[in-house]
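Below you will find the structure I want to go over with you.
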Amino acid sequence: MAQHYWLVKQEPSDYAWSAFEKDGRAAWTGVRNYAARLHLRAMAVGDRVAYYHSNEGKEVVGVAQVVRTAYPDPTADEGDWSAVDLAPLHPLKASVPLTVIKADKVLKDMALVKQSRLSVMPVTPAQWERLMELGKVG
DNA sequence: GCCAACGTTGGC
DNA sequence: GCCAACGTTGGC
């Protein structure tokens, strides 16, 4: 089974990477968007997930992995929504700001740029490789 | 704080 | 089922 790559957005004032690292694991709940739900449901255990700080920072700061596949979101009062569990793997040695992503030949086509309101999105292997290169990982 | 983008809702 | 109005997100 091929590994897939994803990116999730989070406002640092809401749940920053540092808090995520401290917790060691988090239920990714509260997603109320059909496109994002589709992506959550496509996640497999072990998939890599880039962690992006929206609004404040506007940069990719770390790498997480999926530790539990989609299950009914316990925070949803009504409707058919999904959550997954994520665990932090490591921070990027150099965070990758949106300005750099927009200026990069490979990364400028990311959903992050094209669909600015989507909170969970796939990342192509080429984009992932470039992101890790810029993040000084590996 | 403003505003553009865009997803969702509701009237017809 | 279409489309205008509305609400939310998120960059600037």
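Because only heavy atoms are used, hydrogens play no part in the values below, and waters and symmetry mates are left out as well, while side chains stay in. Chain naming here is simple, since letters A, B, ... match the order of the sequence lines and numbering starts at 1 in each.
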- Item | Axis deviation across the helix from dG1(B)-dC12(C) to dC12(B)-dG1(C), five-pair ends, to the nearest 10° | 10°
- Do Lys102(A) and Lys108(A) come within less than 4.5 Å of each other through their side chains, counting heavy atoms only? no
- Query: Side-chain N or O of Lys9(A) less than 4.0 angstrom from OP1 or OP2 on dG10(C)?
  - Reply: yes
- Query: How far does NZ of Lys9(A) sit from CG of Asn55(A), to the nearest 0.5 angstrom?
  - Reply: 9.0 Å
- Starting at atom NE2 of His53(A), determine the distance to atom C1' of dT9(C), rounded to an integer number of angstrom. 17 Å
- Query: Is Trp81(A) close to Thr75(A) at the side-chain level, that is, under 4.5 Å between some pair of heavy atoms?
  - Reply: no
- Quick one: side-chain contact (heavy atoms from CB on, under 4.5 Å) partners of Glu129(A), sequence neighbours excluded? none
- Do Val84(A) and Val120(A) come close enough that some side-chain heavy atom pair is under 4.5 Å? no
- Interatomic distance, Leu118(A) CG vs dG7(B) P [rounded to whole Å]: 8 Å
- Rounded distance (Å) that lies between atom P of dG1(B) and atom CG of Asn55(A): 14 Å
- Taken to the nearest whole Å, OH/Tyr34(A) to C1'/dT9(B) is 11 Å
- Query: Taking atom C1' of dT8(B) as reference, at what distance in whole Å does atom CZ of Arg32(A) sit?
  - Reply: 15 Å
- For Glu59(A) and dG11(C), what is the distance between atoms CD and C1' respectively, to the nearest whole Å? 14 Å
- Establish whether Trp17(A) and Tyr52(A) are linked, either directly or via other cluster members, by ILVMFWY side-chain heavy-atom contacts under 4.5 Å. no
Hey, what are the protein-to-nucleotides 2-5 of chain C N/O distances that come in under 3.5 Å?
none

- Message: Using a 4.0 Å cut-off on heavy atoms, which residues in residues 101-117 of chain A reach DNA chain C? List them by number, or say none.
- Response: Lys102(A), Ser116(A), Arg117(A)
- Task: Could you name each residue pair satisfying side-chain hydrogen bond (donor to acceptor under 3.5 Å, both in side chains) that touches residues 118-128 of chain A, not counting sequence neighbours?
- Result: Thr124(A)-Gln127(A)
- Item | Close approaches to DNA chain C from residues 72-85 of chain A, in residue order (heavy atom, under 4.0 Å) | none
- Of the candidate nucleotides dG10(C), dC12(C), dG7(B), which contains the atom at the shortest distance from the side chain of Leu98(A)? dC12(C)
- Residue-phosphate contact under 4.0 Å: Tyr52(A) side-chain N/O, dG11(C) OP1/OP2: yes
